[in-house]
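I have placed the structure first, in the form of C-alpha cells, so that the comments after it can refer back to it.
Residues: numbered from 1 along the sequence shown.
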Amino acid sequence: DGVWGFLHGANLALGRGVTDRIGGFDVRLGAGSILRSAEDTDFMYRAWRAGIPVHYEPAMAVHHHHGRRGADAWYTEVAQHALGFGAMAMKHAVAGDRALFRALYWDMRSTLRRRREEGSDWRRVLARLQALRGMRQYWAVRNAPPS
C-alpha cells in the first residue's frame, strides 16, 4: 500500500554487522518522540539502500496486541504512522535521497484520487495527510542530536 507498506522492521532479526555498517535506530523517530513512528522503517530503508538483503518471511506469525480498538484508534494509528513516514521522507530528502519524497507524493495523490472516485472516508485522507506535518516537524528537529 505505497509508502505505508514499505519495509517495516516490526519483529526484526539482524546481525551485529548490520548496525556496525549503517548505524542504529534514529531515536528522533519512533514512539515517544515528537515524530511518533518510522524508526524501524527508516532502519530497514537504510539497510536496503546500503545493499543489505532484506527479506520478508510471511510464514512467521507474531501476534501483537497493542490494546487499540475501534475505528478512532485505527485512524489515530494511521495518522501517527503517516507523521513518522513524512518525517522519514524529509530526513532522506535533506540528505539528497528524494526517492521516499516522490513515493510519498504519489501515495498521497492516489489516496486523494481514491477518495474522489470511491467516496472513501475523509478520516483516512486526513490521517494520511499527517505526513505533511511530519515533514515540517522533522525540519524543526533535524539538527537536534539524537539522544
Has [X] got a side-chain atom pairing as donor or acceptor with [Y]'s backbone, closer than 3.5 angstrom?
X      : Y      : value
Thr111 : Val125 : no
Arg142 : Val94  : no
Arg46  : Ile22  : yes

Work out which heavy atom in [X] is nearest to a heavy atom in [Y]; give both atom names and the distance.
X      : Y      : answer
Ala71  : Arg123 : CB-NH2, 4.0 Å
Val27  : Ser33  : O-CB, 3.9 Å
Asp42  : Lys91  : OD2-NZ, 2.9 Å
Leu35  : Tyr138 : CD2-N, 3.7 Å
Leu29  : Ala87  : CD2-CB, 3.9 Å
Leu104 : Phe85  : CD2-O, 4.4 Å

With rounding to the nearest 0.5 angstrom, report the [atom1] to [atom2] distance, [X] to [Y].
X      : Y      : atom1 : atom2 : value
Met44  : Arg49  : CE    : CZ    : 14.5 Å
Met108 : Arg113 : CE    : CZ    : 15.0 Å
Arg21  : Leu14  : CZ    : CG    : 13.0 Å
Glu39  : Arg28  : CD    : CZ    : 13.0 Å
Leu132 : Arg136 : CG    : CZ    : 9.5 Å
Asp107 : Leu112 : CG    : CG    : 10.0 Å

Give the intermediate values and the outcome of side-chain contact (heavy atoms from CB on, under 4.5 Å) for residues Gln137 and Gln130.
-> CA-CA 10 Å; Gln137 286 183 341; Gln130 288 297 308; over 6 Å; no

When Glu77, Met88, His81 are each screened for side-chain contact (heavy atoms from CB on, under 4.5 Å) with Ser37, the one that passes is His81

Report the C-alpha distance between Arg124 and Trp74 in whole Å, list the side-chain angles of each, state the deciding distance to 0.1 Å, and finish with yes or no for side-chain contact (heavy atoms from CB on, under 4.5 Å).
-> CA-CA 9 Å; Arg124 172 184 290 248; Trp74 184 83; 3.4 Å; yes

Plane angle bin for His92 and Tyr45 - parallel if under 30°, tilted between 30 and 60°, otherwise perpendicular | perpendicular

Hydrophobic clusters here meaning ILVMFWY residues chained together by side-chain heavy-atom distances under 4.5 Å, can you tell me if [X] and [Y] are in one?
X      : Y      : answer
Leu129 : Trp106 : no
Met60  : Leu12  : no
Val54  : Leu100 : yes

For the pair Phe43 and Val18, evaluate side-chain contact (heavy atoms from CB on, under 4.5 Å) and give the outcome as yes or no after the intermediate values.
-> CA-CA 10 Å; Phe43 184 85; Val18 175; 3.8 Å; yes

With side chains defined as the heavy atoms from C-beta onward, is the minimum distance between Ile34 and Val141 less than 4.5 Å?
-> yes

